[in-house]
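Below: one structure, written as structure tokens.
To find a chain, count down the sequence lines: A is the first, B the second, and so on, and within it residues start at 1.
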Number of protein chains: 2
Amino acid sequence: MDDLTEMLKGTLEGCVLEIIGGEETYGYAITRRLNELGFADVIDGTVYTILLRLERNGLVQATKRPSEVGPPRKFYALNDAGREELGRFWAKWEYLSSRIDTLKEGGR
Amino acid sequence: MDDLTEMLKGTLEGCVLEIIGGEETYGYAITRRLNELGFADVIDGTVYTILLRLERNGLVQATKRPSEVGPPRKFYALNDAGREELGRFWAKWEYLSSRIDTLKEGGR
DNA sequence: TAGTGGTACTCGGTACTACGAGGTAGTGGG
DNA sequence: CCCACTACCTCGTAGTACCGAGTACCACTA
């Protein structure tokens, strides 16, 4: 697939929120998950940037826990604000994708 | 609807291409069309920057024609490169939206 | 014991895009 | 004459994903 970079703007953060909402997890695993899901070119640096932003904006709670196979992991969980933001994200996505599909179908 | 600015990045240009592909038209009318279609907060300045970019990148051909109700209009039509780019845009959109929907459905 | 590969996070800088605010101009009505 | 509507352009800003480099911990092997 071509470069999706620009199209991912504004949606990738929501995807990360959704993944965290599914289960408490950490950056490295989130990157792997995204790659599996078809976001093949998303790299770890991007994910960590998003995670720090989410933390700074008070949408997640982070907890550092030791790992048996490497350095400690920083686990993230959604808080109430994060769940609200996730809801807003999906509402925006629904809205946008319906508009785009309308346009594609001939836009009446 | 909340602010869609970030989510529009990478898709708005494709929407403009699609509109031009439907019929030869001009900036002011494209802005109105987008607003009607639900992209309510898109302003003319944004559309003009996109149109100039499309022209610079050789995806459209522009023709200035006089108007009877105001200043001359700059009409845009897709060329071959523009039609190819439009095809790539829809392919990317299909890809992205299917991935996002997969994630939303529980992401297996 | 030194090296390699996989795991895990952070930071500084870059490129691209949409937006905001302002300016220029033509037409016609009160 | 002033104002509204039409129509286009421009400069600066903010936000986001990406890139590159750095740091560090662990396990395995030569």
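At least one side-chain nitrogen or oxygen of A:S67 sits closer than 4.0 Å to the OP1 or OP2 atom of C:dA8. Phosphate contact (OP1/OP2 of C:dC9, side-chain N/O of A:K64, threshold under 4.0 Å): absent. Between A:R32 and C:dT7 there is a side-chain N or O to OP1 or OP2 distance below 4.0 Å. Side-chain N/O atoms of A:T49 include none lying less than 4.0 angstrom from OP1 or OP2 on D:dA17. B:R53 has a side-chain polar atom (N or O) that falls below the 4.0 Å cut-off from OP1 or OP2 of C:dA18.
Side chain of A:N57 to main chain of A:L59: no donor-acceptor pair is present (N/O by atom type, distance under 3.5 Å, no hydrogens or angles).
Comparing D:dC8, D:dC25, D:dC18 by their nearest atom to the side chain of A:V42 picks out D:dC18. Side-chain proximity of A:I50 to D:dA17, D:dC8, C:dA18: nearest is D:dA17. Nearest nucleotide to the side chain of A:V69, out of D:dT16, C:dA18, C:dA8: C:dA8.
Separating the CZ atom of A:F39 from the P atom of D:dT16 is a distance of 17 Å, rounded to the nearest angstrom. One can place CG of B:L8 at 13 Å from C1' of D:dG15, the figure rounded to the nearest angstrom. Summarising the geometry, the separation between CD1 on A:I30 and C1' on C:dA8 is reported as 12 Å, rounded to the nearest angstrom. Computed from coordinates, the A:R73 CZ to C:dC9 C1' distance equals 13 Å when rounded to whole Å. One can place OH of A:Y48 at 11 Å from P of C:dT7, the figure rounded to the nearest angstrom. The interatomic distance linking A:Y26 (OH) with C:dT7 (P) rounds to 8 Å, in whole Å. Straight-line distance from the CG atom of A:L4 to the C1' atom of C:dC16: 15 Å, rounded to whole Å. Between the P atom of C:dC16 and the CG atom of B:L12 lies a distance of 18 Å, rounded to the nearest Å.
With the nearest nucleotide of DNA chain D identified for both A:G45 and A:E13, A:E13 has the one nearer the 5' end. Comparing A:D44 and A:E6 along DNA chain C, the residue whose closest nucleotide (by nearest heavy atom) sits nearer the 5' end is A:D44.
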Hey, mind stepping through B:D41 and B:N35 against side-chain contact (heavy atoms from CB on, under 4.5 Å) and telling me if it holds?
CA-CA 7 Å; B:D41 297 335; B:N35 293 152; over 6 Å; no
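No contact: B:L51 has no heavy atom under 4.0 Å from any strand. Backbone-only engagement by B:T5 is indicated by non-hydrogen atom pairs under 4.0 Å involving sugar-phosphate atoms exclusively. Among the atoms of the strands shown, base atoms are found under 4.0 Å from some heavy atom of B:I43.
A continuous path of ILVMFWY side-chain contacts below 4.5 Å connects B:Y95 to A:L103, so both sit in one hydrophobic cluster. Taken together through direct or relayed side-chain contacts under 4.5 Å among Ile, Leu, Val, Met, Phe, Trp and Tyr, A:L78 and A:W90 form part of one hydrophobic cluster.
No more than 12 heavy atoms of other residues, nucleotides or ligands sit less than 6.0 Å from atom CD of B:Q61.
In plain terms, the two heavy atoms of A:R83 and A:D80 that are nearest each other are NH2-OD1, 2.8 Å.
Interface remark: the A:K9 side chain does form a donor-acceptor pair with the C:dC16 base, using a distance-only criterion of under 3.5 Å.
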